[in-house]
2 protein chains.
Amino acid sequence: MFHSEDCPGRVLYRHVASRWAGLIVLQLWPGPLRFHRLRDALPGISEKVLAQNLRELVRDGLVDREVEPTRPPQVTYSLTPLGGELAARVHGLLTWVGDHAPEVLAARERHDRAS
Amino acid sequence: MFHSEDCPGRVLYRHVASRWAGLIVLQLWPGPLRFHRLRDALPGISEKVLAQNLRELVRDGLVDREVEPTRPPQVTYSLTPLGGELAARVHGLLTWVGDHAPEVLAARERHDRAS
DNA sequence: CCGTATCCCAGATGATACTG
DNA sequence: CAGTATCATCTGGGATACGG
């Protein structure tokens with residue numbers, strides 16, 4: 001798979017596998033969120049980087065952006081159907097990582113001691 | 001999930017979501033491979049980066065490294081059971097990305113034209 | 001064949017301040 | 001509230017050459 005270096009699949013994968021994109025999509029999986037909720041759910045992300053990633057995700061048709069023309073404005077982000085499918089896969093990967101991280105750390109310690 | 005910035009899950013996820021780790025694990029899913037086979041299956045990777053990633057994966061107990069003491073030496077990499085579980089999730093994500101990349105690119109073009 | 005050792009860089013990320 | 005602007009940083013990754 002991905003036998004060319006810049007085929008569409010590889011390009012998209014590089015974005016999905018970026019530091020934050022997967023985590024953002026995952027946060028939106030249970031339901032829509034506003035900008036600051038999203039920010040608070042992702043400790044360590046800066047507003048700039050969150051905004052960048054959201055723009056990319058909207059551009060790629062994975063996330064919807066809705067603006068309520070109130071004062072002050074309210075902006076809500078939600079997954080598109082396409083984004084929802086992606087989120088399911090990301091969720092599978094992340095829950096596994098979350099569940100097995102301790103095993104991996106144990107293996108790492110074992111390895112470090114042995115060497 | 002991952003409510004601390006440097007909890008084990010986030011750390012492991014950052015590695016798994018690195019540019020190459022997922023692709024390497026995926027290549028090993030069908031069966032063991034030698035170093036150069038792996039390199040050839042991953043267009044664009046340098047030997048240095050491949051070696052780095054493999055060392056990390058071995059350290060984390062996700063990949064096995066077996067050396068035949070022949071001359072010249074033959075080194076074979078394979079997934080551990082733990083690595084196999086991870087590969088399944090990565091496979092789910094990557095096949096989806098591969099299958100839907102065209103849709104995403106189409107959405108992107110639509111978006112770029114609209115703006 | 002299977003790597004390691006150097007050196008280097010772009011691009012992703014971060015901190016801070018500011019605006020409609 | 002929801003961002004942008006600006007500048008600084010940092011590290012994963014790349015090129016090249018060499019070694020067991």
Side-chain angles (χ1 to χ4, degrees), chain A residues 2 4-6 10-25 27-28 32-60 63-78 111 115, chain B residues 2 4-6 10-25 27-28 32-60 62-78 90 111 115:
Chain A
F2 297 164
S4 148
E5 202 179 341
D6 42 30
R10 281 269 277 264
V11 173
L12 178 56
Y13 177 68
R14 287 200 63 177
H15 178 217
V16 166
S18 75
R19 176 162 190 188
W20 296 109
L23 295 172
I24 292 171
V25 166
Q27 293 301 327
L28 292 175
L33 284 177
R34 307 239 316 260
F35 188 86
H36 271 224
R37 294 265 175 243
L38 216 36
R39 183 200 206 293
D40 296 343
L42 297 164
I45 200 172
S46 70
E47 294 189 345
K48 182 188 115 182
V49 171
L50 176 55
Q52 271 179 358
N53 275 270
L54 285 169
R55 250 184 283 128
E56 271 287 306
L57 291 167
V58 169
R59 183 168 177 247
D60 287 350
V63 165
D64 251 0
R65 180 181 194 269
E66 266 182 272
V67 184
E68 298 284 331
T70 55
R71 181 68 203 223
Q74 309 214 337
V75 183
T76 303
Y77 294 92
S78 56
H111 181 272
S115 66
Chain B
F2 297 165
S4 147
E5 201 177 341
D6 40 31
R10 279 269 277 265
V11 172
L12 179 54
Y13 177 68
R14 287 202 61 177
H15 177 217
V16 166
S18 75
R19 176 164 188 185
W20 296 108
L23 294 172
I24 292 171
V25 167
Q27 293 300 328
L28 292 175
L33 284 177
R34 307 238 318 259
F35 188 84
H36 271 223
R37 293 265 175 240
L38 216 34
R39 183 201 206 292
D40 296 343
L42 297 165
I45 199 171
S46 69
E47 295 189 345
K48 180 190 117 180
V49 172
L50 176 56
Q52 272 178 359
N53 275 271
L54 285 170
R55 247 185 285 127
E56 272 287 305
L57 291 168
V58 169
R59 183 169 178 246
D60 287 350
L62 299 166
V63 165
D64 251 0
R65 181 180 194 269
E66 266 181 274
V67 184
E68 299 285 331
T70 55
R71 181 65 206 224
Q74 307 214 338
V75 184
T76 303
Y77 295 93
S78 57
V90 173
H111 181 271
S115 65

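Chain letters run A, B, ... following the sequence lines, proteins first and then strands; every chain starts at 1.
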*Worked check of side-chain contact (heavy atoms from CB on, under 4.5 Å) between B/Ile24 and B/Val63*: CA-CA 10 Å; B/Ile24 292 171; B/Val63 165; 5.7 Å; no

*Audit row: B/Leu54, B/Leu38, side-chain contact (heavy atoms from CB on, under 4.5 Å) steps and yes/no*: CA-CA 10 Å; B/Leu54 285 170; B/Leu38 216 34; 4.0 Å; yes

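Every residue meeting the salt bridge (Lys or Arg N to Asp or Glu O under 4.0 Å) condition with A/Glu56, not counting sequence neighbours, appears here in chain and number order: A/Arg59. Legend: residues meeting side-chain contact (heavy atoms from CB on, under 4.5 Å) with B/Asp64, ordered by chain and number and at least two apart, are B/Ser78, B/Thr80. The side chain to side chain donor-acceptor pair (under 3.5 Å) check on B/Arg65 picks up B/Tyr77, with sequence neighbours excluded. Among residues two or more places apart in sequence or in another chain, the side chain to side chain donor-acceptor pair (under 3.5 Å) test is passed with A/Gln74 by A/Arg34. Residues satisfying the side-chain contact (heavy atoms from CB on, under 4.5 Å) test with B/His36, not counting sequence neighbours, are B/Glu47. Remark: A/Asp60 engages B/Arg108 in a side chain to side chain donor-acceptor pair (under 3.5 Å) (not counting sequence neighbours).
Atom CG in A/Leu33 sits about 15 Å away from atom C1' in D/dC1, given to the nearest Å. Following rounding to the nearest Å, A/Ile45 (CD1) and D/dG3 (P) show an atom-to-atom distance of 13 Å. Taking atom CZ of A/Arg34 as the reference point, atom C1' of D/dA2 lies 9 Å away to the nearest angstrom.
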Shorter than 3.5 Å, N or O on both sides, protein versus nucleotides 9-13 of chain D: list them out with atom names.
unit_1, atom_1, unit_2, atom_2, d
D/dG13, OP1, B/Arg19, N, 2.8
D/dG13, O3', B/Arg19, NH1, 3.4

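For residues 15-24 of chain B, no pair satisfies side-chain hydrogen bond (donor to acceptor under 3.5 Å, both in side chains), with sequence neighbours left out.
Residue contacts for B/Arg37: at a heavy-atom cut-off of 4.0 Å it reaches no nucleic acid atom on any strand shown.
Between A/Tyr77 and D/dC1, a side-chain N or O to OP1/OP2 separation shorter than 4.0 Å is absent. Phosphate proximity of D/dA2 to A/Arg55: absent, as no side-chain N or O sits under 4.0 Å from OP1 or OP2.
For DNA chain C, the outermost nucleotides in 5' to 3' order that have an atom under 4.0 Å from a heavy atom of chain B are C/dC1 to C/dC7.
Helix bend of the helix from C/dC1-D/dG20 to C/dG20-D/dC1: the angle between its two end axes, each built from five pairs, comes to 60° after rounding to 10°.
Side-chain atoms of B/Val58 and A/His111, non-hydrogen and from C-beta on, do get closer than 4.5 Å to each other.
Taking all atoms of both residues into account, the shortest heavy-atom contact from A/Pro72 to A/Thr70 is O-OG1, 2.8 Å.
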